[in-house]
Amino acid sequence: MTAALDKLAEQVEARFKDVLTRVPSTSDELTYEVPAGKLREVCRALRDEKAFKFEQLMDVCGVDYLGYGTDEWRTESATKSGFSRGVRRGVTQVATRPEQRYAAVYHLLSVSRNERLRLRAYCIGQEPPVIDSVIDIWASAAWFEREAFDLFGILFDGNPDLRRILTDYGFVGHPFRKDFPLSGNVEVKYDPEKKRVVYQPVSIAPRTLVPRVIRHDPRYDEAFKEVSKDA
């Protein structure tokens, strides 16, 4: 980390030592976990206090941790002749608690100090997941919270205009949830009899996607030699 980030981390941890928990990062960035009940208090302090001055909320995004850390196929390794399919299935790397399925992540920017900070807060409950809105702290949260609501079904308590923003009218479900089917629930087609576009249950059969296997096949070596010889 740079000296500036080290200094910011010291300031944040000194001010919120009993509230925030540092989240490990693989790059030069600061991420802290905040309890849902302390979210608004921390956000207001980060915006108003002179040591921080995070005047701008750049984004709010939802996260669904369902199945987090569980690999169906191990695909990190590769051979000289191509990728190799994993030989083990269901490799669990990280265990999460059921109440930590949904989270909201807040990306903050201090324009005056040229610094960035990320906060993560786990939602309360699962159906539906709920967390306080920060719309009265940063007005830009209005659109970002609507997007997280539309895609993940997160309810932001206090947002006066929490409507879908990306999906179609009458859309059922939240498409970024991990248990939402990849092919969706309905499909659109033109009905020549009704002379209009209609919705109907999706006709695509769900399937499990696996990595494409590329292996060297020695059966073709002799054929290649024969073709080369004839040429």
Side-chain angles (χ1 to χ4, degrees), residues 8 12 15-16 18-23 25 29-49 52-69 94 96-113 115-182 184-186:
L8 177 60
V12 170
R15 170 65 175 82
F16 303 102
D18 297 328
V19 180
L20 299 183
T21 303
R22 181 80 172 269
V23 178
S25 173
E29 54 190 19
L30 290 178
T31 303
Y32 290 92
E33 185 176 312
V34 55
K38 295 288 186 178
L39 174 65
R40 289 174 50 78
E41 175 187 335
V42 170
C43 286
R44 195 175 296 278
L46 289 173
R47 185 196 66 178
D48 296 341
E49 293 185 10
F52 306 112
K53 301 297 287 184
F54 286 97
E55 309 99 335
Q56 192 164 351
L57 175 67
M58 300 297 294
D59 191 18
V60 178
C61 56
V63 183
D64 182 0
Y65 286 100
L66 180 66
Y68 176 69
V94 181
T96 57
R97 299 194 300 270
E99 66 272 17
Q100 291 186 333
R101 174 172 174 180
Y102 298 104
V105 181
Y106 302 79
H107 301 261
L108 312 181
L109 170 66
S110 172
V111 178
S112 57
R113 299 170 61 88
E115 293 176 336
R116 294 178 183 269
L117 186 70
R118 182 184 298 111
L119 295 176
R120 180 180 68 185
Y122 286 101
C123 301
I124 300 172
Q126 290 193 29
E127 293 301 335
V130 181
I131 198 165
D132 288 333
S133 172
V134 295
I135 191 173
D136 60 329
I137 302 175
W138 295 289
S140 60
W143 285 70
F144 301 142
E145 291 177 353
R146 282 182 62 185
E147 182 180 42
F149 162 70
D150 191 2
L151 300 179
F152 291 93
I154 298 174
L155 296 181
F156 292 86
D157 189 18
N159 188 316
D161 189 28
L162 202 60
R163 296 175 291 132
R164 290 187 181 271
I165 193 171
L166 294 175
T167 54
D168 200 0
Y169 297 104
F171 191 90
V172 177
H174 303 283
F176 275 20
R177 288 189 175 187
K178 294 295 180 63
D179 52 5
F180 190 85
L182 292 178
N185 294 311
V186 296

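Heavy atoms only: backbone and side chains are in, while hydrogens, waters and symmetry mates are out.
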Measure the [atom1]-[atom2] distance between [X] and [Y] for me, rounded to the nearest 0.5 Å.
| X | Y | atom1 | atom2 | value |
| --- | --- | --- | --- | --- |
| E55 | L46 | CD | CG | 11.5 Å |
| I137 | L108 | CD1 | CG | 10.0 Å |
| I124 | Y102 | CD1 | OH | 15.0 Å |
| K53 | S110 | NZ | OG | 8.5 Å |
| F52 | L117 | CZ | CG | 8.5 Å |
| R146 | L162 | CZ | CG | 8.0 Å |

Take E147 and R163 through the test salt bridge (Lys or Arg N to Asp or Glu O under 4.0 Å) and record every step on the way to the result. CA-CA 9 Å; E147 182 180 42; R163 296 175 291 132; over 6 Å; no
Among residues at least two apart in sequence or on other chains, which ones pass ring-ring contact (aromatic ring centres under 6.0 Å, His included) with F152? F176
Quick one: ring-ring contact (aromatic ring centres under 6.0 Å, His included) partners of Y32, sequence neighbours excluded? none
Show the nearest heavy-atom pair for residues [X] and [Y], with the distance to one decimal.
| X | Y | value |
| --- | --- | --- |
| P128 | G153 | CB-O, 4.2 Å |
| Q126 | R101 | OE1-CD, 4.0 Å |
| G158 | I135 | O-CG2, 4.1 Å |
| F54 | W138 | O-NE1, 3.2 Å |
| N159 | E145 | ND2-OE1, 2.9 Å |
| G62 | I154 | CA-CD1, 4.0 Å |

Where at least one partner belongs to residues 129-139, residue pairs that pass salt bridge (charged side-chain N to carboxylate O under 4.0 Å, His left out), sequence neighbours excluded: R40-D136, R44-D136
So, do P175 and T167 sit near enough that their side-chain heavy atoms are less than 4.5 Å apart? yes
Could you tell me whether the side chain of V60 reaches within less than 4.5 Å of the side chain of F156, counting heavy atoms only?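 Contact flag for F156/V60 side chains = yes.
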Could you walk me through whether R113 and E115 satisfy the salt bridge (Lys or Arg N to Asp or Glu O under 4.0 Å) test, starting with their C-alpha distance in whole Å, then the side-chain angles of each, then the deciding distance to 0.1 Å, before giving a yes or no? CA-CA 6 Å; R113 299 170 61 88; E115 293 176 336; 3.2 Å; yes
Could you go through D59 and Y106, starting from their C-alpha distance and side-chain angles, then the distance that decides it, and tell me whether this counts as side chain to side chain contact (heavy atoms under 4.5 Å, CB included)? CA-CA 6 Å; D59 191 18; Y106 302 79; over 6 Å; no
Does [X] have any side-chain hydrogen bond (donor to acceptor under 3.5 Å, both in side chains) partners at least two apart in sequence or in another chain, and if so, which?
| X | value |
| --- | --- |
| D168 | Y199 |
| R15 | E49 |
| D18 | none |

Does any N or O in the side chain of H107 come within less than 3.5 Å of the main-chain N or O of R118, such that one atom is a donor and the other an acceptor?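 Judged by distance alone, no pair lies under 3.5 Å.
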Donor-acceptor pair, R116 side chain versus L109 backbone, under 3.5 Å? no
Worked verdict on R22 versus L30 for side chain to side chain contact (heavy atoms under 4.5 Å, CB included): CA-CA 8 Å; R22 181 80 172 269; L30 290 178; 3.3 Å; yes
Side chains of Q56 and S140: is there a donor and an acceptor less than 3.5 Å apart? no
Evaluate the side chain to side chain contact (heavy atoms under 4.5 Å, CB included) criterion for residues F149 and R164: first the C-alpha distance (whole Å), next the side-chain angles of each, then the deciding distance (0.1 Å), finally the verdict. CA-CA 7 Å; F149 162 70; R164 290 187 181 271; 4.2 Å; yes
Can D157 and S133 be said to form a side chain to side chain donor-acceptor pair (under 3.5 Å), step by step? CA-CA 5 Å; D157 189 18; S133 172; over 6 Å; no
For L119 and V105, what are the C-alpha separation, side-chain angles and deciding distance, and is it a side chain to side chain contact (heavy atoms under 4.5 Å, CB included)? CA-CA 6 Å; L119 295 176; V105 181; over 6 Å; no
